[in-house]
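Here is the structure we will look at.
Proteins get letters first, then strands, A, B, ... in listed order; numbering begins at 1 in each.
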Amino acid sequence: MNSYKNILSQALSPLLGLPSEEVAAMFVTPPDSSMGDIGLPCFPLAKKLQQSPAQIASKLSTQLELPEGFSKISTTGPYLNFTIDRQKMFNRFLAGVRSTAKPFGASEIGKGQTVVMDYSHPNIAKPLAIHHVRSTIIGAALCRLYKFLGYTVEGVNHLGDWGTNFGQLMVSYKRYEAAQPDQEVNITRLLEMYIQFHKDAGNEEGLDDQAREWFVKLESGDPEAVRLWELFREESLNAFKKLYRRFGIEFEHYIGESFFNDKMEATLERIAAKGISEISEGALVVKFEDDKMPPCLLRKSDGSTLYATRDLAAAEYRYERWHFAKCLYVVANQQELHFRQVFGVLEKMGYDWAKNCEHIKFGMLAFGPDVFPTEEEDDTAFGRRTTGSTRRGHIVFLEEVLDRARDKARDLVVDNAREDEVLQHADELAEMIGVGAIVFNELAQRRVKDVLFTWDKALNLHGDSGPYLQYTHARLSSVLRKYGKELPEEIDYSTLGTEAEAEVAKAVAAFPEIIERAVRENEPSVVSDYLLALCSEFNRFFTDKVTHRIISDEEALTLARVGLVDCVRTVLATGLGLLGIQAPERM
RNA sequence: GCCCCCGUAGCUCAGCGGAUAGAGCAUCGGAUUUCUAAUCCGAAGGUCACAGGUUCGAAUCCUGUCGGGGGUGCCA
């Protein structure tokens with residue numbers, strides 16, 4: 001589409017006396033393709049040319065020679081509309097889509113640049129829950145998108161693996177161990193211990209003090225405390241990785257908060273050396289001019305460091321190690337101020353790369369009445385973010401969500417199977433579809449919006465959903481199987497020509513721009529939205545079996561249509577892959 | 001008090017400066033001898049929270065109001 005706009009803007013530029021870039025920025029898409037494929041609103045030209053927009057449009061339509069690649073110039077009131085030559089359009093739009101050499105839509109514009117993606121960052125000793133999943137799924141999708149554009153991506157899992165809460169766990173563990181010495185520790189047990197501690201601490205004096213003592217032991221390197229810390233961390237990590245695998249996610253790095261324990265002093269010294277920190281009310285802070293922002297606390301009056309201190313040390317470390325072009329923090333809205341402060345301190349420290357750090361924020365998760373009938377109080381005890389009352393055990397576990405989705409998908413797979421192949425792979429398919437539904441549900445909305453989690457919506461397998469995209473992929477694959485023959489590398493699409501085909505081809509051709517926009521806005525929902533539109537366009541085409549019989553006696557037309565099917569399939573598979581959703585061949 | 005985000009169809013959401021504001025769910029009605037009906041077509045459903053402003057043109061940009069959520073120096 002861009003190349004068509006280039007042709008037009010160059011043809012129009014001398015007539016309008018405007019640079020072609022300016023003309024190119026004026027184009028719009030007509031509401032209905034029967035009006036044309038590219039439109040030019042003539043309103044802004046009225047003043048300059050001293051004529052009414054409608055007059056300008058009609059004058060231009062007669063003055064302008066039909067540019068190469070177009071079949072019609074028309075006007076609708078003040079709009080000058082151009083229709084692309086259908087015969088030539090298909091070969092232009094679909095060239096390279098099926099290329100095996102370079103995936104369609106991929107590019108090298110990010111070559112040589114590194115993007116650090118901080119995402120997921122769960123807390124040790126707490127199972128992954130549905131409210132962690134947004135950061136995980138959005139972050140992973142962004143990683144894939146950046147890689148697709150040639151960037152080097154360093155995905156970092158900034159684990160919440162340090163804090164006074166470890167002392168609490170140790171107190172609880174010691175009691176628990178005495179009662180059941182042979183029981184293994186896994187994440188479920190860890191959570192029980194955490195809940196137990198808070199239950200006990202409510203009734204027993206001195207338990208909090210014991211927890212503090214254990215944490216002091218841990219900080220001073222006491223062997224038993226360190227052993228327990230490592231045990232808790234290891235077991236938690238095992239549980240996290242099991243779920244990441246179901247999403248097909250692998251982190252380049254697990255670098256938790258604890259990693260920065262011995263690096264914060266140096267960071268604080270560098271800050272002090274810049275003369276931007278001061279003591280206020282006993283604490284070490286960095287203040288901001290005009291009190292635009294509350295000061296950033298770096299050290300408590302008792303000498304211990306804070307969350308921001310750790311993130312500052314981490315930012316320095318990341319830049320030192322990777323010299324990133326961008327450092328993106330996929331973290332909930334709630335921490336907006338925290339990141340503004342951290343980035344503000346980095347800027348005051350004189351790091352010019354501070355401007356390349358960005359908080360990729362996303363909305364809160366609320367539970368619908370089919371999940372929890374009453375609202376639970378928030379728990380921000382530790383971690384990059386938490387919602388839901390973990391302490392009291394009110395939490396929706398991610399594993400449960402995935403299992404329920406998978407089971408529901410399995411029923412549907414078995415009910416609808418029309419091939420033995422499908423039944424034989426029912427379990428695999430159910431997993432693909434169930435997980436696909438959950439992932440899509442997370443990516444279907446713009447990040448900043450709060451999300452209402454309901455079982456009904458998350459487990460939706462119809463309509464605008466992951467399974468709808470997967471089903472379309474299966475149908476496309478089925479057509480290719482039915483065709484049965486190997487498709488040649490080069491296909492002549494010029495026998496295509498119906499409007500439905502044109503719409504499908506236009507949708508296919510839009511893919512690269514969609515990817516660029518998704519990356520520019522750090523917004524995976526741009527892709528999910530697009531894929532729905534693409535599938536909707538194809539399904540409309542596909543349902544019309546009378547005029548759009550794909551496999552027919554007409555050889556050239558059949559080849560062109562099967563080729564178009566393969567183009568859609570390719571783009572859909574690529575898009576789904578970028579979102580982290582598998583594309584089944586049958587279902 | 002101050003700061004940030006969000007108010008679009010009954011519900012969940014797209015659209016974020018251009019032509020008649022679009023999907024899905026739910027409701028109602030249709031389409032299957034024929035490449036997968038987990039699909040498709042149609043009907044119904046909207047003072048785009050409100051009020052000003054900018055503009056040839058505003059759901060979209062600016063200001064204010066109201067409503068919802070979040071944050072706000074010793075949690076993360």
Decide yes or no on side chain to side chain donor-acceptor pair (under 3.5 Å) for A/Asn460 and A/Ser465, but give the supporting numbers first.
CA-CA 7 Å; A/Asn460 178 28; A/Ser465 68; 4.9 Å; no
Check every strand shown and say whether A/Met26 touches a base, only sugar-phosphate, or nothing at a heavy-atom separation below 4.0 Å.
nothing
Measure from the side-chain N and O atoms of A/Ser135 to the backbone N and O of A/Val330, and report whether any donor-acceptor pair falls under 3.5 Å.
yes
Regarding A/Pro78, tell me which of base, sugar-phosphate or nothing describes its non-hydrogen contacts under 4.0 Å with the strands shown.
nothing
Look at all strands and tell whether A/Asp450 reaches a base, only sugar-phosphate, or nothing, counting heavy atoms closer than 4.0 Å.
sugar-phosphate
Along RNA chain B (nearest heavy atom to each residue), the more 5'-positioned of A/Asp302 and A/Arg475
A/Arg475
Any side-chain heavy atom of A/Thr305 sitting closer than 4.5 Å to one from A/Phe260?
no
Select one nucleotide: of B/G24, B/A38, B/G70, the one nearest the side-chain heavy atoms of A/Met364.
B/G70
With a 4.0 Å heavy-atom cut-off, tell me which residues in residues 423-436 of chain A come close to RNA chain B, sorted by residue number.
A/Ile433
Strand-adjacent residues in residues 463-470 of chain A, judged by heavy atoms under 4.0 Å from RNA chain B
A/Gly463, A/Asp464, A/Tyr468
Select base, sugar-phosphate, or nothing to describe what A/Asp411 touches, counting heavy atoms under 4.0 Å on all strands.
nothing
N/O contacts under 3.5 Å, protein versus nucleotides 53-58 of chain B?
unit_1	atom_1	unit_2	atom_2	d
B/C56	OP1	A/Lys47	NZ	3.1

If a pair means Watson-Crick or G-U wobble with both distances below 3.5 Å, what does RNA chain B look like in dot-bracket form, with | marking bases paired to a different strand?
(((((((..((((....[...)))).(((((.......))))).....(((((..]....))))))))))))....
Kindly determine whether A/Arg475 and A/Asn539 satisfy side chain to side chain donor-acceptor pair (under 3.5 Å), including the steps that lead there.
CA-CA 9 Å; A/Arg475 295 175 109 186; A/Asn539 280 321; 2.7 Å; yes
Stretch residues 547-556 of chain A: residues that reach within less than 4.0 Å of RNA chain B through a heavy atom
A/His548, A/Arg549, A/Ile550, A/Ile551
Residues two or more places apart in sequence or in another chain: which of them pass salt bridge (charged side-chain N to carboxylate O under 4.0 Å, His left out) with A/Asp464?
none
When all nucleic acid strands are considered with a 4.0 Å heavy-atom cut-off, which category describes A/Arg340: base, sugar-phosphate, or nothing?
sugar-phosphate
With a 4.0 Å cut-off, would you call A/Arg517 and A/Glu521 a salt bridge?
yes
Nearest-angstrom distance from the residue atom CZ of A/Arg446 to C1' of B/A14:
9 Å
Does OP1 or OP2 of B/A38 have a side-chain N or O of A/Arg418 closer than 4.0 Å?
yes
Between A/Ile271 and A/Leu298 the two heavy atoms that sit nearest each other are CD1-CD1, 3.8 Å
Test of understanding: with side chain to side chain contact (heavy atoms under 4.5 Å, CB included), list the residues that count as partners of A/Val451, not counting sequence neighbours.
A/Arg134, A/Leu365, A/Gln445
Check this for me: A/Lys5, atom NZ, are more than 12 non-hydrogen atoms of other residues, nucleotides or ligands nearer than 6.0 Å?
yes
For A/Asp37, enumerate each residue passing the side chain to side chain contact (heavy atoms under 4.5 Å, CB included) test, keeping only those at least two apart in sequence or located in another chain.
A/Ser33, A/Thr83, A/Ile84, A/Arg86, A/Lys506
Residue set satisfying ring pair (Phe, Tyr, Trp, His ring centres under 6.0 Å) with A/Phe197, at least two apart, ordered chain then number -> none
Heavy atoms only, 4.0 Å cut-off, all strands: where does A/Leu306 land among base, sugar-phosphate and nothing?
sugar-phosphate
Between the base of B/A38 and the side chain of A/Asn539, is there a donor-acceptor distance below 3.5 Å?
no
Kindly indicate whether the side chain of A/Gln341, heavy atoms from C-beta on, has any atom under 4.5 Å from the side chain of A/Leu337.
yes
CD of A/Gln334 versus P of B/G69: gap in Å, rounded?
14 Å
Atom pairs under 3.5 Å: protein N/O with N/O of nucleotides 6-10 of chain B:
unit_1	atom_1	unit_2	atom_2	d
B/G7	OP1	A/Lys449	NZ	3.1

Atom pairs, protein N/O to nucleotides 41-43 of chain B N/O, distance under 3.5 Å:
unit_1	atom_1	unit_2	atom_2	d
B/C41	OP1	A/Arg540	NE	2.7

Check each residue of residues 513-534 of chain A for a non-hydrogen atom within less than 4.0 Å of any atom in RNA chain B, then write out the ones that pass by number, or none.
A/Arg517, A/Asp529
Just to be sure I understand the rule, does A/Ala46 reach a base, reach only the sugar-phosphate, or reach nothing, if contact means heavy atoms closer than 4.0 Å?
nothing
Pairing of A/Asp566 and A/Arg569 as salt bridge, 4.0 angstrom limit:
yes
Sugar-phosphate, base or nothing in reach of A/Phe542, heavy atoms under 4.0 Å
base
